[in-house]
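Computed over heavy atoms, backbone and side chain alike; hydrogens, waters and symmetry mates excluded. We name chains A, B, ... by the order of the sequence lines, and we start the count at 1 in each one.
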There are 2 protein chains.
Amino acid sequence: MEVDEVVCLPKLSRVAVCGGTHGNELSGVYLVRELVKVDKKAVEKKAEEEEPASVLMVLSNPRAIQQGQRYVDTDLNRCFTHAILNGPMLDTAPYEMIRSRELNGMLGPKGSPEAVDLVCDLHNTTANMGLCLIAYSDCDWICLHIFRHLQVSQTSSNTWEITMEIGAQPHSVVRSNIYTAMKLGVQHMLDWVRSFNSGRIFEGGFVDVFTMVKHIDYPRDSETQNITAAIHPQLQDRDFCLLHPGDPLFQTFSGETLTYKGHQPLYPFFINECAYYEKGIALSLARRKPYHNMAFKVHS
Amino acid sequence: MEVDEVVCLPKLSRVAVCGGTHGNELSGVYLVRELVKVDKKAVEKKAEEEEPASVLMVLSNPRAIQQGQRYVDTDLNRCFTHAILNGPMLDTAPYEMIRSRELNGMLGPKGSPEAVDLVCDLHNTTANMGLCLIAYSDCDWICLHIFRHLQVSQTSSNTWEITMEIGAQPHSVVRSNIYTAMKLGVQHMLDWVRSFNSGRIFEGGFVDVFTMVKHIDYPRDSETQNITAAIHPQLQDRDFCLLHPGDPLFQTFSGETLTYKGHQPLYPFFINECAYYEKGIALSLARRKPYHNMAFKVHS
């Protein structure tokens, strides 16, 4: 590798780890509380100067956490738009809209030089997706390198933004194996940041990325809009296993099998995610593609 | 078997199958809706005269079902007490207290000769309990015979009352395998009732029953009352597998293992049930005992 091919990027001085953006996704809630406790002990020991990046731990939606609900008034995860963050707002606005502006004050302002450099938002799903990283662009080099470091591939401002999505875990439940997987995921992510900040050169290479193509809704009764089928038992828990045209997709409540009518094989994910019933999503389908990532290092 | 040893019991003329007592336990909700649909078709075909028992299908808590919540104001399952069903009640009483009196009008009055003969209440749990029948007395012959018929053993007025509890399924999610297990469970239960009503003699014999001994709560922070540990990964999903003193019970969020300090081996169940966090129950422990059931038949 020749050094002049290496892209230089600024240091990731400030990282935020956010749990409880959805108040009933408990791994992130308990992990953030635990990390705060550990952090306090570290400060007491005056060991914080060893840290090459400041890490801010945030419980994003404290009211929803207290109520054990996904959200109080509206989905917080849909409130970080320019209009909501910057437009006029009444005191009577939905709680999550007000809270998104508070968070923008703490971690942003979004898009400004004062904003944190990397946000890692912790989520759980009832889908059997394992540890899965979601990014919002496929040329997000930092995120692609972190994906590679975690040996997990999945779809992807100058604030880099990752969602760490782990399942299968029922909402409002904490399963120790899922909690531990998230803890290790966050530790590895922070290890990567420290390693990057300390000047290590990361080689370029291919990373497998799943890019969302479309959503599929449950079959519904045209009058009541109630669902009339569940995910087929042969598809349930088979996230990221290729789904071919003709494969079983749903089983109706009277026992009939409905098959996948698409014309191309695609990768299903978010299969039977609890919170997506109301959004009209039974599963999502993705295309798998290797993305070439650049070699890079911190700007010195 | 000598015929004079056979206990004679009255016919089970009226059976109720109830789903959605907890509005986010979806198998029962969708199964009752499906059975109502099938029942309507049967009535259209005028096939209903073949039925040796009338089966009433009930959605117990329609408001909670609509909201996708366990309950609106209070747990409906705790509202069938003499005081709530028969005492004075204001219009401003919690919704579930008002609803329990409506249900008592439809299926009861509880304890009266007009009440239905058998109630089967359908539930889901996030615990890995399989298809599990819960009765409220261990000398409930009808229920013990149904348990045997279903080849499931588990811990039972002259209204016989069974709770059919099936998991693991996250709340607010429907999994096809769990739905199908519940459908078969209800079909077998109704087959047994038809068989009993038509005069078949059921032999006596032993049935394994798990009787609840005690509940164990999660370890909690003495100040905040937040839980500080999850069910240990070696115990998670191992409902009805014997737990010995010294076996791992919890894993704290800092990674420490806490063991079972009891003096006798017992059978854990309802391990990590979502709705029991608020009740302070991480798991329940039971003793297993064979109960001798009487031979019996319908009173002719």
Side-chain angles (χ1 to χ4, degrees), chain A residues 24 26-27 29-35 37-38 41 65-66 68-70 124-127 167-181 183 218 221 224 226-237 248 250-255 257 271-278 282, chain B residues 24 26-27 29-35 37-38 41 65-66 68-70 124-127 167-181 183 218 221 224 226-237 248 250-255 257 271-278 282:
Chain A
N24 58 0
L26 297 188
S27 301
V29 174
Y30 290 113
L31 182 55
V32 165
R33 285 183 182 152
E34 178 63 25
L35 293 177
K37 219 192 284 180
V38 171
K41 284 185 190 162
I65 293 168
Q66 207 211 342
Q69 305 283 355
R70 183 175 176 87
N124 290 121
T125 172
T126 59
Q169 176 174 280
H171 297 325
S172 303
V173 160
V174 56
R175 287 175 67 99
S176 210
N177 60 332
I178 300 291
Y179 171 86
T180 303
K183 194 173 181 179
Y218 296 91
D221 181 280
T224 62
N226 290 331
I227 67 170
T228 57
I231 292 290
H232 195 281
Q234 287 176 40
L235 177 61
Q236 178 70 51
D237 301 330
F250 297 107
Q251 190 168 57
T252 69
F253 294 131
S254 57
T257 293
I271 299 174
N272 208 357
E273 158 53 32
C274 176
Y276 291 176
Y277 281 64
E278 72 176 31
Chain B
N24 59 358
L26 297 189
S27 301
V29 174
Y30 289 113
L31 182 56
V32 165
R33 284 184 182 148
E34 178 62 24
L35 293 177
K37 217 192 285 178
V38 170
K41 284 185 190 159
I65 294 167
Q66 208 211 342
Q69 306 285 354
R70 182 176 176 88
N124 289 123
T125 172
T126 59
Q169 175 173 279
H171 296 325
S172 302
V173 159
V174 56
R175 286 176 67 100
S176 209
N177 61 331
I178 300 291
Y179 171 85
T180 303
K183 194 173 181 178
Y218 295 91
D221 183 278
T224 63
N226 290 331
I227 67 170
T228 56
I231 292 290
H232 196 279
Q234 286 176 42
L235 177 61
Q236 178 69 52
D237 299 331
F250 297 106
Q251 191 167 58
T252 69
F253 294 131
S254 57
T257 292
I271 299 173
N272 208 358
E273 156 56 31
C274 176
Y276 291 175
Y277 281 66
E278 72 177 28

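Chain A forms the most heavy-atom pairs under 4.5 Å with one residue out of B:N272, B:N177, B:T180, B:L26, and that residue is B:N272. Chain B forms more heavy-atom pairs under 4.5 Å with one residue of A:P233, A:S254, A:A229 than with any other, namely A:S254. Of all the listed residues (B:S176, B:S172, B:A168), the one sharing the greatest number of non-hydrogen pairs under 4.5 Å with chain A is B:S176. Among B:T252, B:T228, B:I231, B:I227, the residue with the largest count of heavy-atom pairs under 4.5 Å with chain A is B:I227. Contacts with chain B were tallied for A:Q236, A:Q251, A:E273, A:R175; A:R175 has the most, counting heavy-atom pairs under 4.5 Å.
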> Would B:V173 and A:H171 count as a side chain to side chain contact (heavy atoms under 4.5 Å, CB included) if you check the C-alpha gap in whole Å, the side-chain angles of each, and the deciding distance to 0.1 Å?
Replying inline: CA-CA 10 Å; B:V173 159; A:H171 297 325; over 6 Å; no
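Residues meeting the ring pair (Phe, Tyr, Trp, His ring centres under 6.0 Å) test with A:F253, sequence neighbours left out: B:Y30, B:Y179. A search for salt bridge (Lys or Arg N to Asp or Glu O under 4.0 Å) contacts involving B:R33 returns nothing, not counting sequence neighbours.
Heavy-atom distances place the side chain of B:Q69, and not its backbone, under 4.5 Å from chain A.
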